[in-house]
Engineer: 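This is the structure, below, for whatever I ask next.
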Amino acid sequence: MSSVTIPPPACMLRPLEVPFRYLFGPGPSNVPPRILAAGGRPIIGHMHSEMFGIMNDIKKGIQYAFQTSNNMTLAMSGSGHTAMECAVFNIVEPGESVLVAINGIWGERVAEIAERMGMKLIIKIMPAHSFVILHILQALAKYKPVLFFLTHGESSAGLVHPMDGVGDICHKYNCLLLVDSVASLGAAPLLMDQQNIDILYTGSQKALNAPPGTAPVSFSERACHKMFNRKTKPVSYLLDMTHLSNYWGNDGKPERIYHHTGPVSGFFALRESLAILAEMGLENSWSHHTEIAEYLWKGLEDLGLKLFIKDKDLRLPSVTTIAIPEGYDWKELLAYIMKHHRIEFTGGLGPSVGMVLRIGLMGYNCNKANAAMVLAALEDALKQCRKSKA
């Protein structure tokens with residue numbers, strides 16, 4: 001055998017170094033010590049009975065967070081994108097239509113997924129606006145899709161979309177409603193069963209404050225009927241709900257069969273984050289995020305900054321967008337704040353690039369002290385950074 005020719009890399013012979021940052025962008029958010037400790041517990045096997053018990057707890061926690069009694073409730077092994085693809089891959093078959101409402105980047109992503117599967121029907125709208133029921137109804141009547149996608153909390157625009165009535169008209173046209181709540185869950189009211197949402201998903205790393213890497217998702221009975229009566233197999237084996245429903249004990253079978261190795265530590269952390277939300281109570285969490293958001297919004301306006309979403313009722317409490325102040329280089333502002341205050345804000349994403357700065361105060365990070373820190377950092381940056389004369 002030949003000898004080793006590639007030496008150990010120097011970086012691997014040094015200790016890991018991770019700086020502390022205040023993560024006040026659109027996510028991930030800072031993880032509280034209790035959740036960090038949960039994720040650091042000793043690993044157990046992903047097929048151990050104790051692990052199944054923890055997964056059962058997670059299912060109940062998601063049902064509470066989503067306000068659903070759906071049996072087909074679980075957490076994907078991956079980010080919110082994983083749940084997004086899981087929904088589309090399992091529901092839609094070749095030749096069927098998907099209708100996608102685009103008011104930011106997440107609608108664009110679902111549209112691309114649909115396009116890669118050979119289908120694409122889109123409603124387009126500028127990122128600072130919401131859709132009216134009439135627009136949705138007309139599109140459903142015209143295209144007759146099997147699936148309609150809408151983002152509840154559009155983090156690229158800082159927009160929360162009204163959900164009342166959307167599920168009702170989808171069902172009128174025999175269409176399933178898929179909703180993204182990655183940026184809004186726990187921060188803005190959302191009631192899966194009452195609002196007739198067929199598929200709802202979120203991510204672990206925002207208001208839930210767990211590390212990135214797990215994605216709660218739930219399917220209604222209507223969605224399950226469509227999903228488990230397919231003529232063709234889903235395009236992804238990893239995301240095939242026939243297997244995942246068994247792995248999560250949702251298919252009624254007495255034995256769970258190995259499908260993939262789930263993120264054990266990630267599930268520990270997610271279970272703890274859902275416990276914290278249950279202890280606080282959903283309604284308390286919603287009102288707390290609104291209170292802090294309104295405090296932040298007033299402070300931003302007092303600094304002379306303009307909020308991107310004009311209608312207060314459409315502003316996402318967890319992620320605030322401000323129009324880039326005239327005459328400033330937004331990248332310079334963000335770099336200054338990171339360097340001198342150790343605070344992460346971000347610019348726009350997708351269609352909002354170059355239009356906004358995004359500030360996120362979610363879950364553990366959502367308090368007045370942090371909001372005051374945000375305002376002080378922005379005030380300092382506006383004084384210290386160069387402003388063009390143009």
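Basis for what follows: all heavy atoms, side chains included, without hydrogens, waters or symmetry-related copies.
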Engineer: Salt bridge check: are Glu279 and Arg34 linked by an N-O gap of less than 4.0 Å?
Structural biologist: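 Yes.
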Engineer: Looking at every non-hydrogen atom in both residues, tell me the closest pair between Ala101 and Leu150 and how far apart they are.
Structural biologist: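 Heavy atoms only, the tightest pair is CB-CD1, 3.7 Å.
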Engineer: Does any donor atom in the side chain of Thr68 or Asp193 lie under 3.5 Å from an acceptor atom in the other side chain?
Structural biologist: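 Yes, because at least one side-chain N or O of Thr68 sits under 3.5 Å from a partner of the opposite role on Asp193.
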Engineer: Is the side chain of Gln67 donor-acceptor paired with the backbone N or O of Tyr64 at a distance under 3.5 Å, no angle test?
Structural biologist: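 Yes; judged by distance alone, with no hydrogens or angles, the pair exists.
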Engineer: Is Ile123 reachable from Val160 through a run of I, L, V, M, F, W or Y residues, each pair having side-chain heavy atoms under 4.5 Å apart?
Structural biologist: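 Looking at the clustering, Ile123 is in a separate group from Val160.
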Engineer: Let me know which of Ile343, Thr346, Ile337 forms a side-chain contact (heavy atoms from CB on, under 4.5 Å) with Phe24.
Structural biologist: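 Exactly one option meets the side-chain contact (heavy atoms from CB on, under 4.5 Å) with Phe24, and it is Ile343.
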Engineer: Give a yes or no on whether the backbone of Gly281 and the side-chain of Ser285 come within a donor-acceptor separation of less than 3.5 Å.
Structural biologist: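 A pair under 3.5 Å: no.
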Engineer: Ignoring hydrogens and angles, state whether a donor on the side chain of Ser77 or His260 is under 3.5 Å from an acceptor on the partner side chain.
Structural biologist: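 Their side chains do contain a donor-acceptor pair, which is all the 3.5 Å distance test asks for.
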Engineer: Tell me, do Tyr247 and His46 make a side-chain contact under 4.5 Å, heavy atoms counted?
Structural biologist: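 When only atoms from C-beta onward are counted, His46 and Tyr247 do touch, with a gap below 4.5 Å.
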Engineer: Output the distance between atom CD1 (Ile322) and atom CH2 (Trp297), rounded to the nearest 0.5 Å.
Structural biologist: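 Separation between the atoms: 13.5 Å.
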Engineer: Determine whether the side chains of Gln63 and Asn70 contain a donor N or O and an acceptor N or O closer than 3.5 Å.
Structural biologist: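 Judged by distance alone, the side chains do not pair up.
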Engineer: In terms of side-chain heavy atoms, does Lys59 have a donor or acceptor partner in Asn250 at a distance below 3.5 Å?
Structural biologist: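 Judged by distance alone, the side chains do pair up.
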Engineer: Would you say the side chains of Tyr22 and Asn365 form a donor-acceptor pair under 3.5 Å?
Structural biologist: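 Side chains of Tyr22 and Asn365: no pair found under 3.5 Å.
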Engineer: Under a 3.5 Å cutoff, is there a donor and acceptor pairing between the side chains of Asn90 and Lys226?
Structural biologist: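 There is no such pair between these side chains.
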Engineer: Could you tell me whether the side chain of Asp240 and the main chain of Pro234 form a donor-acceptor pair under 3.5 Å?
Structural biologist: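 Not at all, since once roles are kept as given, no pair shorter than 3.5 Å links the two residues.
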Engineer: So, is the end of the Arg386 side chain (NZ or CZ) under 6.0 Å from the ring centre of Tyr328 and within 45° of the ring's axis?
Structural biologist: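 No, cation not above the ring by the 6.0 Å, 45° rule.
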Engineer: How about His135 and Phe131: are their ring centroids closer than 6.0 Å?
Structural biologist: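 Distance test on ring centres: not under 6.0 Å, no.
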Engineer: Starting from Ile62, can I reach Leu190 by hopping between I/L/V/M/F/W/Y residues whose side chains sit under 4.5 Å apart?
Structural biologist: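 Same cluster: Leu190 reaches Ile62 through Ile, Leu, Val, Met, Phe, Trp or Tyr contacts under 4.5 Å.
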Engineer: Nearest heavy-atom pair of Phe89 and Ile113: which atoms, and what distance?
Structural biologist: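 Minimum heavy-atom contact is CE2-CG2, 3.9 Å.
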Engineer: In this structure, which one of Leu382, Ile324, Leu375 forms a side-chain contact (heavy atoms from CB on, under 4.5 Å) with Leu305?
Structural biologist: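 It is Leu382, the one option of Leu382, Ile324, Leu375 that forms the side-chain contact (heavy atoms from CB on, under 4.5 Å) with Leu305.
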Engineer: Assess the side chains of Asp198 and Ser220: does a donor N or O sit below 3.5 Å from an acceptor N or O?
Structural biologist: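 A pair is found: one side chain offers a donor N or O, the other an acceptor, under 3.5 Å apart.
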Engineer: Could you tell me if the ring centre of Phe267 sits under 6.0 Å from that of Trp248?
Structural biologist: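 So the answer is yes for these two rings.
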Engineer: Do any N or O atoms from the side chain of Ser273 and from the backbone of Ala210 form a donor-acceptor pair under 3.5 angstrom?
Structural biologist: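 No, because the side chain of Ser273 does not come within donor-acceptor range (under 3.5 Å) of the backbone of Ala210.
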Engineer: Indicate yes or no for a side-chain donor-acceptor contact from Asn196 to the backbone of Asp168 under 3.5 Å, with no hydrogens or angles considered.
Structural biologist: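 No, because the side chain of Asn196 does not come within donor-acceptor range (under 3.5 Å) of the backbone of Asp168.
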Engineer: Are Phe228 and Val88 connected in the hydrophobic side-chain network, where two residues link if heavy atoms are under 4.5 Å apart?
Structural biologist: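 Linked within one cluster.
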Engineer: In terms of hydrophobic clustering (I, L, V, M, F, W, Y; side-chain heavy atoms under 4.5 Å; direct or indirect links), are Met355 and Trp330 co-clustered?
Structural biologist: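 Per the 4.5 Å side-chain linkage, Met355 and Trp330 are not co-clustered.
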Engineer: State, yes or no, whether a side-chain contact exists between Ser29 and Leu208 at a heavy-atom distance under 4.5 Å.
Structural biologist: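 Answer no - side chains too far apart.
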Engineer: Quiz question: by atom type and distance under 3.5 Å, do the side chains of Ser155 and Trp106 form a donor-acceptor pair?
Structural biologist: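 Yes, because at least one side-chain N or O of Ser155 sits under 3.5 Å from a partner of the opposite role on Trp106.
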Engineer: Taking Glu96 for its side chain and Glu93 for its backbone only, find out whether a donor-acceptor pair lies under 3.5 Å.
Structural biologist: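 Side chain of Glu96 to backbone of Glu93: a pair is present.
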Engineer: When hydrophobic residues are tied together by side-chain contacts of less than 4.5 Å, even through go-betweens, does Leu23 share a cluster with Leu378?
Structural biologist: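 Hydrophobic grouping puts Leu23 apart from Leu378.
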Engineer: Which residue pairs pass the salt bridge (charged side-chain N to carboxylate O under 4.0 Å, His left out) test when at least one of the two sits in residues 2-30, sequence neighbours left out?
Structural biologist: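 Counting only pairs at least two positions apart or across chains, no salt bridge (charged side-chain N to carboxylate O under 4.0 Å, His left out) contact touches residues 2-30.
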Engineer: Consider only side-chain N and O atoms of Ser318 and His289, and report whether a donor and an acceptor are under 3.5 Å apart.
Structural biologist: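 Distance-only check fails for Ser318 and His289.
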Engineer: Is a side-chain donor or acceptor of Tyr295 paired with a backbone partner of Lys368 at a separation under 3.5 angstrom?
Structural biologist: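 Not at all, since once roles are kept as given, no pair shorter than 3.5 Å links the two residues.
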Engineer: Indicate whether the side chain of Asp380 and that of His341 have a donor and an acceptor atom separated by less than 3.5 Å.
Structural biologist: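 Note: Asp380 and His341 side chains meet the donor-acceptor criterion.
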Engineer: I need the minimum non-hydrogen distance between Asn367 and Asn370, along with the two atoms involved.
Structural biologist: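 Looking at all heavy atoms of both residues, the shortest contact is OD1-N, 2.8 Å.
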Engineer: Tell me whether Asn103 contacts the main-chain N or O of Leu159 through its side chain, where contact means a donor paired with an acceptor under 3.5 Å.
Structural biologist: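 It does not hold such a pair.
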Engineer: Salt bridge (Lys or Arg N to Asp or Glu O under 4.0 Å), that's the test. Do Lys298 and Asp302 meet it? Break it down for me.
Structural biologist: CA-CA 6 Å; Lys298 183 180 184 303; Asp302 289 345; 3.0 Å; yes
Engineer: Using 0.5 Å steps for rounding, measure from the CD1 atom of Ile276 to the CZ atom of Arg271.
Structural biologist: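 Ile276 atom CD1 to Arg271 atom CZ measures 10.5 Å (nearest 0.5 Å).
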Engineer: Taking all atoms of both residues into account, what is the closest heavy-atom pair of Ser184 and Leu316, and its distance?
Structural biologist: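 For Ser184 and Leu316, the tightest heavy-atom pair comes out as CB-CD1, 3.9 Å.
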Engineer: Treating Ser352 as the side-chain partner and Ser156 as the backbone partner, does any N or O pair qualify as donor plus acceptor under 3.5 Å?
Structural biologist: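 Yes, the answer is positive, given that a donor and an acceptor are paired below the 3.5 Å cut-off.
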Engineer: Can you tell me if Arg358 uses its side chain to pair, donor with acceptor, with the backbone of Gly347 under 3.5 Å?
Structural biologist: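 Such a contact is found between Arg358 side chain and Gly347 backbone.
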Engineer: Salt bridge (charged side-chain N to carboxylate O under 4.0 Å, His left out) with Glu221: which residues, sequence neighbours excluded?
Structural biologist: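 Counting only residues at least two positions away or on another chain, Glu221 forms no salt bridge (charged side-chain N to carboxylate O under 4.0 Å, His left out).
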Engineer: Should Lys306 and Glu326 be marked as a salt bridge (Lys or Arg N to Asp or Glu O under 4.0 Å) after you check the CA-CA gap, both sets of side-chain angles, and the distance that decides it?
Structural biologist: CA-CA 10 Å; Lys306 296 179 181 178; Glu326 187 176 355; 5.9 Å; no
Engineer: May I ask you to decide if the ring planes of Phe149 and Tyr201 are parallel, tilted or perpendicular, using 30° and 60° as cut-offs?
Structural biologist: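 Parallel.
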